[in-house]
Amino acid sequence: MSNILIPNPKEAESIHIIREVAAQFERPVLLFSGGKDSITLVRLAQKAFYPARIPFPLLHVDTDHNFPETIVFRDQLVEELGLELIVRKVQDSIDQGKVREEKGKYSSRNTLQTTTLLDAIEEFKFDACIGGARRDEEKARAKERIFSVRDDFGQWDEKNQRPELFDMLNGRIHQGQNVRVFPISNWTELDVWEYIKTENIRIPSLYFAHKREVFFRDGMIWTANEHVYREPHEEVLEETVRFRTVGDMTCTAAVLSTADTLDSVVEEIKSSTISERGARIDDKRSEAAMENRKKVGYF
Amino acid sequence: MSDNRKLIKIATAGSVDDGKSTLIGRLLYDTRSLTNDKLEAIERNSKQKGFDYLDFSLATDGLVAEREQGITIDVAHIYFSTENTNYIIADTPGHVEYTRNMVTGASTSQVAIILVDARKGVIEQTYRHFFINNLLRVNHVVVAINKMDLVDFDEDTYLKIKGDFEALIEKSNYNFEQVTFIPVSALKGDNIAGKSENMPWYLGNTLLDHLEVLEPQDLVENTAARFAVQYVIRPKTDKYHDFRGFSGKLQGGPLAVGDEVTVLPSFTKTSIKSIHFFDQTYEVAQPGSSVTITLENEVNVSRGDMLVKSTELPRSEKELSAILCQVNQTPLQVGSKLILQHGVNSVLAKVQSIEHLIQTDFSGEIPAERLQLNDIGKVNFKLSKPIHYDPYTENRDNGSFILIDEGSLDTVSVGFIQ
Ligand SMILES: Nc1nc2c(ncn2[C@@H]2O[C@H](COP(=O)(O)OP(=O)(O)OP(=O)(O)O)[C@@H](O)[C@H]2O)c(=O)[nH]1
Ligand SMILES: [Mg+2]
């Protein structure tokens, strides 16, 4: 019998990139959030090095405001695949006086994560951080290179990026610099979901429709929980919802949905008229996103 | 992916303000690829700027500086799909200063859409971008003659520009299978996804229909198998104690178990014992596969080495002649020492001589001492070790390289081996 491997071009490209990271850098790390994109990255990394183990650790920058489901899922995955997991906590950065906790209605630890991440990079001398950002997510991300050089302060010099020609990746850097690597740059949201489906990849239950205590604010659906600030008049209701993207509880809104299988999730995304980032409270700067959140509430 | 749609990679080209970003925004709009939140952002921004139309360039110009200046600075990668096709479009800048970013976008594309402003016709930057697409051997070119709404949709204007462009093709050594001319208005949507009622004299396809019928197999080359080793896999577990696999991305032809291969640079002959992809084994790997290969004999193989079929050896040379495109401010001159990265392999290279600069209007060559930013020229090198290449005209993947400055560590030029 002749069995022929016909490559999936996007998967093959991502594996090529991940192998370049392992070959070109001394201390790479995979930034793991527990969301679908970083779970997809783990599968791609497994494929890149099989039957050997993934030759770098995972780093989770924990806000302590994660959905409990995410943490349970993370620990199971690490255990099952025998991965090395490093956790660094935003709480520690707060305790050390490096960052100050936000207060009030829209308070979130989302932006505080950056300090904790940069400290972890310095602590472990990581020279490459693999992330799950995709170019289709957002206009500025559409401009990212696959190997994106950052200076000592973690800054992106967007007007002066290294040209990236053909599939040749130049990861050479000076002491103190590091590279952010985006292996699934060229995937769309739908590509990720279809991949999860064909590969039968396990994902946290948050992505499927479930009953949850929530409240409505600015047309968005917020999780009712001790970590999420809520005004007395904001009434808690039980709704059937799911999450389209999973960050921490203070910055990720749910959508009303009855999609409880991968098939129905894929169908829902295909016919969606708002973008994935539309349900991110951290993207609230733009007015249009606000208006759309109102629509999400009615859905 | 369960997705059976074909994948086509496209890059735009053409001078500043010819309407590249607008054209892509229009394609997204007409194929209903813009979600409501994105469309509303465009509507709001256009109103803010006082336009009485939708400024579609806002769909791709994602940097603040770009929106402020109304120009594209760096490549944006845009994704959309129709029923039959998945598209990746690189929207590149037209400004001369950012030619390096245009080359970046074009290097990964199979199709170029070159825009020409109908009021200005074929100008210097059009030459330059056509020249670069020609140099890169981008397989297929569409010339979109844009802003037809500003010349009253006049057929003679279209024919004049088409004639000028054809004269340019004559002068080039280019043998595109097909160069297609389409009169469009990116802003108004004429001949983008819908047929223009303003130009009944044009009988051809709309831009989208034209792209839809391109066959991807006509857009890739048929070349010999080249397997550059990226990473050696040694699990050192009980189950796989003696496993030594060589991983990489296969380019060119297929490889099969049993194929007799030569390992470069040692020229050791052996054969393929097994082909692995994740937890499965395969008899044959098709081009483009990222696989792990084991060999029959215990041979010494490390990163940067190349496996090829023994009957299809590439050239192995320590001296090299290449056309270079300089993509960095640091000039390149005789005596310059650089890192040459060819695929995943790196060697040291020294510039022996610069033969000439090539003028991008096809008017010939001029002598030069150095290559400055955006210059294109023919350069001879001496290498610290041989590389295993094919001429770029025969093999895009194995015929190109980048040069890296040892001090700044930046990518400073891209080379096409002669
Ligand atoms: N009337 C008319 N205006 C157009 C058309 N296409 C583009 N424009 C206008 O031309 C200007 C430049 O368009 P862009 O799409 O930004 O041009 P570009 O080619 O992307 O420019 P760079 O990326 O900076 O090289 C904008 O004001 C557009 O609205 C057209 O078909 N008709
Ligand atoms: Mg533009």
Side-chain angles (χ1 to χ4, degrees), chain A residues 1-13 15-16 19-20 22-23 46-53 135-136 138-143 158-159 161-168 170 172-174 185-186 188 191 194-195 197-198 272-275 277-278 286-289 291-292 295, chain B residues 1-3 7 35-38 40-41 44 60 62-63 65 73-79 88 100-101 103-104 107-108 230-231 233-235 237 239-240 243 247 249 275-279 282-286 288-292 303 327 341 343-344 396-397 400-402 404 409-411 414:
Chain A
M1 193 197 83
S2 116
N3 57 347
I4 299 175
L5 174 62
I6 297 163
N8 163 346
K10 290 191 181 181
E11 180 191 53
E13 177 185 74
I15 291 173
H16 173 84
R19 285 172 176 163
E20 279 306 285
Q46 257 186 297
K47 289 197 173 191
F49 304 106
Y50 194 90
R53 285 200 187 160
R135 287 167 173 163
D136 83 319
E138 210 243 339
K139 283 200 287 197
R141 285 194 170 168
K143 299 274 167 180
E158 83 284 1
K159 279 179 279 182
Q161 300 193 74
R162 256 182 206 173
E164 218 155 59
L165 298 139
F166 300 93
D167 59 358
M168 287 179 275
N170 172 12
R172 292 171 183 80
I173 47 170
H174 295 287
S185 283
N186 286 325
T188 63
D191 288 335
E194 287 182 336
Y195 191 70
K197 201 174 114 183
T198 38
S272 172
T273 56
I274 61 156
S275 69
R277 303 292 299 186
S286 108
E287 237 182 284
E291 283 171 29
N292 267 301
K295 285 185 193 140
Chain B
M1 267 161 255
S2 56
D3 198 338
L7 176 70
T35 50
N36 289 346
D37 47 334
K38 288 182 180 166
E40 280 163 28
R44 194 164 21 80
T60 71
L63 301 176
I73 293 174
D74 209 335
V75 192
H77 289 89
I78 308 294
Y79 307 81
I88 302 183
R100 62 175 190 277
N101 296 333
V103 180
T104 293
S107 74
T108 50
Q230 278 186 280
Y231 194 81
I233 295 188
R234 305 216 51 182
T237 55
K239 190 170 166 202
Y240 295 98
F243 186 94
S247 67
K249 188 164 175 229
I275 297 173
H276 302 255
F277 181 59
F278 195 30
D279 50 5
Y282 293 87
E283 292 289 313
V284 182
Q286 287 294 338
S289 307
S290 277
V291 288
T292 300
R303 175 172 163 86
V327 294
Q341 183 176 335
V344 301
R396 286 177 72 175
D397 292 319
S400 51
F401 61 80
I402 55 175
I404 296 159
L409 303 179
D410 275 333
T411 303
V414 52

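This one's a predicted model, so the numbers in the text were calculated from it and none came from an experiment. Residue numbers begin at 1 in each chain, while the letters A, B, ... track the order of the sequences.
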>> Only pairs of heavy atoms separated by less than 4.5 Å count here; which of B:R234, B:R100, B:R303 has the most with chain A?
In response: B:R303
> Top residue by heavy-atom pair count (under 4.5 Å) with chain A, among B:Y240, B:F401, B:Y282?
Replying inline: B:Y282
>> Return the NZ to CG distance between A:K139 and B:L63, rounded to the nearest 0.5 Å.
In response: 10.0 Å
>> For chain B, which candidate among A:A22, A:A23, A:P51 shows the most heavy-atom pairs at distances under 4.5 Å?
In response: A:P51
>> Heavy-atom pairs under 4.5 Å with chain A - which of B:V327, B:T292, B:D279 has more of them than the others?
In response: B:D279
>> Which atoms of B:D397 are under 4.5 Å from chain A, going by heavy atoms: the side chain, the backbone, both sets, or neither?
In response: neither
> What part of B:I402 is in contact with chain A, defined as an atom under 4.5 angstrom from a non-hydrogen atom: side chain, backbone, both or neither?
Replying inline: both
> chain A heavy atoms under 4.5 Å from B:T411: which part of the residue, side chain, backbone, both or neither?
Replying inline: both
> Which bit of A:R162 comes within less than 4.5 Å of chain B, counting heavy atoms only: side chain, backbone, both or neither?
Replying inline: side chain
> So which of A:E158, A:Q46, A:E20 has the biggest tally of heavy-atom pairs under 4.5 Å with chain B?
Replying inline: A:E20
>> Looking only at side-chain N and O atoms, does B:N101 offer a donor or acceptor that is under 3.5 Å from a partner on B:T104?
In response: no
> Out of curiosity, A:K10 NZ to A:T188 OG1, how far, rounded to the nearest 0.5 Å?
Replying inline: 5.0 Å
>> If you count heavy-atom pairs within less than 4.5 Å of chain B, which of A:K143, A:R141, A:K47, A:H16 leads?
In response: A:K143
> Rounded to the nearest 0.5 Å, how far does CG of A:N8 lie from OH of A:Y195?
Replying inline: 7.0 Å
> Under 3.5 Å, is there a donor-acceptor pair between the A:S275 and B:D37 side chains?
Replying inline: yes
> With respect to chain A, which residue among B:G62, B:A65, B:G288 yields the maximal number of heavy-atom pairs within a distance under 4.5 Å?
Replying inline: B:G62
> Got a sec: does the CZ of A:R53 have more than 12 other heavy atoms crowding it under 6.0 Å?
Replying inline: no
> Can B:Q341 and A:N170 be counted as having a side-chain donor-acceptor contact under 3.5 angstrom?
Replying inline: no
>> With rounding to the nearest 0.5 angstrom, report the CG to NE2 distance, A:L5 to B:H276.
In response: 12.0 Å
> Out of B:D74, B:V103, B:V291, B:V414, which one racks up the most heavy-atom pairs below 4.5 Å with chain A?
Replying inline: B:D74
> Relative to chain B, which segment of A:N186 carries a heavy atom at a distance below 4.5 Å: side chain, backbone, both, or neither?
Replying inline: both
> A:Y50 vs B:F278 aromatic rings, parallel, tilted or perpendicular, using cut-offs 30° and 60°?
Replying inline: perpendicular
